[in-house]
Amino acid sequence: MEAKLKKELGTAMLKSTGHSGGGCISEGQSYDTDTGRVFVKINHKSGAKQMFDGEMASLEAILKTDTIKVPKSVKVIELDTGGCVFVMEHLDMRGLNKYSKHLGEQLADLHLHNKRLMETFEKEQQTVGKGAGQSDVAVVGKFGFSVPTCCGYLPQRNEWQDDWVTFFSQQRLQHQLNMVENSHGDREARELWAKLQLKIPQFFTDVEIVPALLHGDLWGGNVSECTDGPVIFDPASFYGHSEFELGIAGMFGGFNRSFYSAYHEKIPKAPGFAERNQLYQLYHYLNHWNHFGGGYRGSSIGIMKNLLK
């Protein structure tokens, strides 16, 4: 692998720093090169290239908004032995501590970025002789993403859709429940979903949803801080409802009060927030059921029952 990395990165020096990391999906290793230190994620699964291509596209999309720090991407490289590596900027990170409030503010700015672009574009359209603005980020009017992204190692469908409720019901929940059906044939899940899918539009009555660029998998393990502020990484991005982000944020330890206060100061909670938050958590519990097995069945079934009350 190291010979391949040297060749692809065009570096004479490639020296392991002893810094390693990784979660339950990929492993990671830092190297010093001719042009500085890089972090290399390694995955040997057959779908690794699609996963890393999606992650790279996600990081680049977030970076372009200039709202919140992410590692800069370098290259996705296929290995001769199978699998793939993703090379990115190495950042000296530590656990989120003093920058929780900043994370809330900057995440809200990320979520508002596309809406602000839309507003700027509309103003410019009304001003005779004005161009389409200076931003290199295009205004996005639909829900989805340019490539598939993976939440964990399972690909998410990101086909562009005009309507958020349709996108979320079909490309998120239905997609996960199809996988549950194929793997487990769970009759109770099937019956509950048949009722719940009819009720979903009710949770979105009178809510205005503008496509927001999301991290997509923002739990405590995908957030850190550097000396100058918070960092987010391991994204599974797409344009969706900003509230979707806060589903997994409240699971597995979650974030502290200063994060939520700062976030909601910029994006206040809309009526029905609590029920929609459960709906968004359902997606992640189903995704965990499909990744890790029946330990997440109870939470998935429980939320469906609760939402049907």
Next item on the list: Indicate the atoms forming the closest heavy-atom contact of P211 with M118, along with that distance.
Entry: CD-CE, 4.2 Å
Item checked: Non-hydrogen side-chain atoms of F143 and W160 separated by less than 4.5 Å -> no
Check: Sequence neighbours excluded, which residues qualify as ring pair (Phe, Tyr, Trp, His ring centres under 6.0 Å) partners of Y99?
Finding: H102
Check: Among all residues two or more places apart in sequence or in another chain, which pass the salt bridge (Lys or Arg N to Asp or Glu O under 4.0 Å) test with K266?
Finding: D109
Checklist line | Expected output: side-chain D234 to main-chain D217 donor-acceptor under 3.5 Å | finding: no
Checklist line | Contacts of type side chain to side chain donor-acceptor pair (under 3.5 Å), residue S30, not counting sequence neighbours | finding: H90
Next item on the list: Using the six-membered ring wherever Trp is involved, compare the ring planes of H288 and F252 and label them parallel, tilted or perpendicular (cut-offs 30° and 60°).
Entry: tilted
Checklist line | For S100, all residues meeting side chain to side chain donor-acceptor pair (under 3.5 Å), sequence neighbours excluded | finding: N256
Notebook entry, point to check: Can you pull the side-chain hydrogen bond (donor to acceptor under 3.5 Å, both in side chains) pairs that have at least one residue in residues 69-83, sequence neighbours excluded?
Noted result: K4-D80, E8-K75
Note to self: So, using side chain to side chain contact (heavy atoms under 4.5 Å, CB included) as the criterion, who are the partners of N43 when residues are at least two apart?
What the structure shows: I25, S26, K45, A48, M51, F52
Item checked: By salt bridge (Lys or Arg N to Asp or Glu O under 4.0 Å) - contacts of D66 (at least two apart) -> none
Note to self: Under the rule for side chain to side chain contact (heavy atoms under 4.5 Å, CB included), what residues qualify as partners of Q202, not counting sequence neighbours?
What the structure shows: K199
Enumerate donor-acceptor pairs with a distance under 3.5 Å from any side-chain N or O in residues 296-303 to protein atoms, sequence neighbours excluded.
from, atom 1, to, atom 2, distance (Å)
R297, NE, D186, OD2, 2.5
R297, NH2, D186, OD1, 3.3
R297, NH2, D186, OD2, 3.3
R297, NH2, E188, OE1, 3.0
S300, OG, Y296, O, 2.9

Check: Can K101 and E105 be counted as an ion pair, charged N to O under 4.0 angstrom?
Finding: yes
Next item on the list: Answer yes or no on whether R172 is positioned over the face of F238, meaning its NZ or CZ is under 6.0 Å from the six-membered ring centre and within 45° of the axis.
Entry: yes
Margin query: So, using side chain to side chain contact (heavy atoms under 4.5 Å, CB included) as the criterion, who are the partners of T166 when residues are at least two apart?
Written below: Q161, D163, Q170
Next item on the list: With sequence neighbours excluded, tell me which residues meet side chain to side chain contact (heavy atoms under 4.5 Å, CB included) with E159.
Entry: R157, Q171
Could you pull out all donor-acceptor pairs under 3.5 Å where a side-chain atom in residues 54-63 meets a protein atom, sequence neighbours excluded?
from, atom 1, to, atom 2, distance (Å)
E55, OE1, K41, NZ, 3.0
E55, OE2, K41, NZ, 3.1
S58, OG, G54, O, 2.7
S58, OG, S237, N, 3.1

Check: Of the options E275, E243, H241, E245, which is the one that meets Y280 in a side-chain hydrogen bond (donor to acceptor under 3.5 Å, both in side chains)?
Finding: H241
